[in-house]
Amino acid sequence: MRVRSIAVPLLVALLAAAGYVGTLRNGFVLDDRHAILGDPTLGDLRNLPLYFRTNYWGTSLIARKEPSIEGYSYRPISTSSFSLDHALWGLEPFGYHLTNLLCHALASLATYAFLRGVLGAGPLAALAAALFAVHPVHSEAVMMAAYRPELLSALFGLLALTAYTACLPAQLLSPAGPGAAPAAGSVRTAVVFCFALLLLELALFSKESAIMLPVLLTGLEAAALLRRNPDATRPSARTLAAAAFPGIVRLGLVAVAVALYLAARFRVLHHAGTGFDLFASLGIGPARQAATMVGVFGEYLRLLVWPHPLCADYPENGNAWANLRSFAEAPILLSAAAVTSALAGALLALRRRPDLGGAGLWFFITLFPVSHVVFPLMVIKSERALYLPSVGGCVCLAAALLALRGADATTARARAALVAVPALLLAGVLLTAARTPEWSDQYAFARRLVEQQPASCRSHQWLAGELMRRGRHEEAIEAYGRSMDLQPGRWVPRLLRGIARQAIGEHEAALQDFHAALALYAHAPVYLHRAKSLLLLGRADEAWTECRLARIELPEDPATAREYALFCLRRERPEEANRPLAEYVTGVTGANPPAASAVALELARGWLEVERPSESLAALERLAPGASEHAAGAKVRGEALLALGRAREALEAFNAALASAPDDPAALLGRARARLAVGTEPAEALADLERALPRAADPIGTSQDLVIALLRLRRTDEAAARLRGLAAAGVPPRADVVRELRRRN
């Protein structure tokens, strides 16, 4: 028996890890770049208390006229886990994916522990936990590091339910009958209950969807109360009150714990919501919204039973479901029938099969936060929303497999079930592993998404963004055009296409895109980019007007303030340049150091753009002393020091930046230039330049630096070949290249 008690959890943990081992080779994609790469506070464990005072994205609640997901996510435990990863691994993706894998394995074990507590030690709990461990619908939540809130809220939630169950009669939903109740008022029970409350708080502070856990705890209390009266005789009011009183006290304390969470959330976000209403932003009325969500719930049921095809972003999120106008549509009618049947079946099964009835209700209760009924969200449909609800589906599926086996193990049906179970588990592992390459990097992610969802405007927009980062601006312009063709009313792809055109010098065409974006939505970033194009076209007065409009639109936004400051400098008004940024920093430094750090970095970059490196260093040291410890801050510091001729200090700064982001092309280029300026490491400088060149933002300038490094290594033939290539492209050698040539000759 002891071997069996160890074997089942071990098997569940191994199954949970088997499908995700390949993710340890993957990089960061999509939201990872904002939640992890874009947060300058990660890695400094002194910032852990800070995460309880800021939102999930590590930014301040800047006053915006448009709804933003930034202002609705409060997940300090999840952010703290990223900071711990950063302290251990830096920005190496391996460590973050390893943590996600471990979280999923632990959540699978917690599923087994909870089901064993309410269903008993029979095969149903073990098989359901094994199915949960390998279900392919979990791959999105596990494979993207930034989706860890799903894993942590489920893990802590399941552990809280397990601990809470230990305070109640055992095997609450088992048809075999109730187990022995714990000793009332015992010290051990009190300690376990307090531990359950702590785990509940951890789940809530990991993600908002854990708000449904108190409903599940109420269900456990109701099941415990019913199990004390198995003969269904009507007890007296006094007996019922005496039996219910301990449960009411426990639930009262649960309510206090939830109130503490809501108070902390409200203090930071100034509201208790979970997200802005995507339906409202798309102009979808209540009838079509209800039809859409019924259809989505039907799809969720299907994905639990038949998880194919799976996709990282579904068309529903790109407004495809908005074309379904009523419940008269065939797909909606089918979904409505499936959802109604599942819910009715769960309710009817509560009396004779409380395990199946409870599992069915579990699915609907835990899925309720994404129903858009009470909590409006940014995303209509996502696989990660099924992570915790799938526990109920796995119990139902496990019960069906065990029913197929029957009581007689010698029948053909039993033998078929014996083959079906391992085959199903193996299929889950293989299907999950097959998705690993889709998440290997942002480019692979975007390309696969376009293949799966060619009618999704967001898929083409994400691919275009990755093409932009790779310097393939013409292809990016085409991809943004496809995104706009699919949904003409969106302003974001028009803005981004204008930025792509701006990057290749098509400023008149870029202005047209910015004008079209402004016609759809008057927003500060559009004004700023219009200002840049106008300035490059020599229309400085118009550019100044656009920048002032952006400043009015977002008076406290650091990027807007930075651009405003740059325009002040260009117009020789330095005293006005510092004022907006200084005012903003004064207002946020005490309450939100990450925002102050972001402002300092923006200001430091701005001073570098106008060739004022001393002011750049002062901005970093005065406004955010710790910013230089982060990769972005260290890189800016290195550029400023290099511009001041302090090459050795610049080399140290670039080394610090590359310690966190070893493949950053800008940091590699900066370190190479610092090494060339020091004059003692030309070979190392050449190695850095060769690594940076394929992804350099300025390949021509990087090539000229390569020529200098080759000349210093006396590889004159290679240097001459590169110079001929530059000349063929119409690029004359820089003055420092000419000086190096004269020195070598």
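Fair warning: this is a prediction, and the values are worked out from it, not measured in the lab.
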Do Met143 and Thr432 come close enough that some side-chain heavy atom pair is under 4.5 Å? yes
Reported SG-to-CG distance for the pair Cys394 and Leu304, which is rounded to 0.5 angstrom: 7.0 Å
Can you give me the closest heavy-atom contact between Val429 and Ala18, atom names plus distance? CG1-CB, 3.9 Å
Apply side-chain contact (heavy atoms from CB on, under 4.5 Å) to the pair Leu152 and Lys207, showing each step before the final yes or no. CA-CA 8 Å; Leu152 291 178; Lys207 193 179 180 189; over 6 Å; no
Separation between SG (Cys311) and CD (Glu140), nearest 0.5 Å, reads 9.0 Å
Check: Asp32 and Leu37 side chains under 4.5 Å, non-hydrogen atoms: no
Carefully, step by step, assess Ser209 and Leu388 under the rule side-chain contact (heavy atoms from CB on, under 4.5 Å). CA-CA 10 Å; Ser209 55; Leu388 186 58; over 6 Å; no
Would you check if the side chain of Asn100 reaches a backbone N or O of Val142 as a donor-acceptor pair within less than 3.5 Å? yes
Are Arg384 and Met144 close enough that some pair of their side-chain heavy atoms sits under 4.5 Å apart? no
Are Leu425 and Pro422 side-chain neighbours, meaning at least one heavy-atom pair lies under 4.5 Å? no
So which atom in Pro136 and which in Leu310 form the shortest heavy-atom distance, rounded to 0.1 Å? O-CD1, 3.5 Å
Classify the side-chain pair Thr99/Asp85 by whether it contains a donor and acceptor separated by less than 3.5 Å. yes
Can you check whether Ser206 reaches Ser78 side chain to side chain, under 4.5 Å on heavy atoms? yes
Scanning both residues in full, the closest heavy-atom pair of Leu101 with Ala17 reads CD2-CB, 3.7 Å
How close do Ile36 and Leu42 get, heavy atom to heavy atom, and via which atoms? O-CD1, 3.5 Å
Donor-acceptor check, side chain of Asn26 to backbone of Pro93, threshold 3.5 angstrom: yes or no? no
Going from CZ on Arg75 to CG on Leu204, what distance comes out if it is rounded to the nearest 0.5 angstrom? 12.5 Å
Using only atom types and a distance under 3.5 Å, with no angle test, would you say the side chain of Ser456 pairs donor to acceptor with the backbone of Gln453? no
Rounded to the nearest 0.5 Å, what separation is found between the CG atom of Leu216 and the CG atom of Leu161? 5.5 Å
Could you verify whether a donor N or O on one side chain and an acceptor N or O on the other, from Ser81 and Arg148, lie under 3.5 Å apart? yes
Would you say the side chain of Tyr112 lies within less than 4.5 Å of the side chain of Leu158, judging by non-hydrogen atoms? no
Scan side-chain atoms only and decide if Arg265 and Tyr74 contain a donor-acceptor pair under the 3.5 Å cut-off. no
Between the side chain of His460 and the main-chain N/O of Pro454, is any donor-acceptor distance below 3.5 Å? yes
How long is the gap from CG on Leu84 to OG1 on Thr79, to the nearest 0.5 Å? 11.0 Å
Taking Ser440 for the side chain and Pro437 for the main chain, is one N or O donor matched with an acceptor at less than 3.5 Å? yes
Quick check, are the ring centers of Trp89 and Tyr96 under 6.0 angstrom apart? no
Taking the six-membered ring of Phe28 (Phe, Tyr or Trp), confirm whether the NZ or CZ of Arg33 is under 6.0 Å from its centre and within 45° of its axis. no
Glu299 side chain vs Val294 backbone, donor-acceptor pair below 3.5 Å: no
Please check if the distance between the ring centroids of Tyr20 and His97 is under 6.0 Å. no
Any chance CZ of Phe364 has more than 12 other-residue heavy atoms, nucleotides or ligands included, within less than 6.0 Å? yes
Tyr147 vs Leu151, test: side-chain contact (heavy atoms from CB on, under 4.5 Å). Steps then yes/no. CA-CA 7 Å; Tyr147 290 162; Leu151 309 179; over 6 Å; no
Glu466/Arg447 ion pair, N-O < 4.0 Å: no
Could Arg435 and Glu383 be called an ion pair, given the rule that one side-chain N must be under 4.0 Å from one carboxylate O? yes
Which atoms form the tightest heavy-atom contact between Phe156 and Leu199, and what is the distance? CB-O, 3.6 Å
Is a donor on one side and an acceptor on the other found under 3.5 Å between the side chain of Asp441 and the backbone of Ala444? yes
side-chain contact (heavy atoms from CB on, under 4.5 Å) for Phe205 and Leu200? Distances and angles first, verdict last. CA-CA 9 Å; Phe205 281 98; Leu200 173 63; over 6 Å; no
Hey, is CZ on Arg25 packed in by over 12 heavy atoms from elsewhere, all under 6.0 Å? no
Just by distance, with hydrogens left out, do Tyr387 and His104 show a side-chain donor and acceptor under 3.5 Å apart? yes
Taking the six-membered ring for Trp, are the ring centroids of Trp462 and Tyr443 within less than 6.0 Å of each other? no
Is any side-chain heavy atom of Glu201 closer than 4.5 Å to one of Tyr261? yes
Nearest 0.5 angstrom please: Cys396 SG to Leu401 CG, how far? 11.5 Å
Can you give me the closest heavy-atom contact between Ala126 and Val12, atom names plus distance? O-CG2, 4.4 Å
Is there a side-chain contact between His86 and Phe82 (heavy atoms, below 4.5 Å)? no
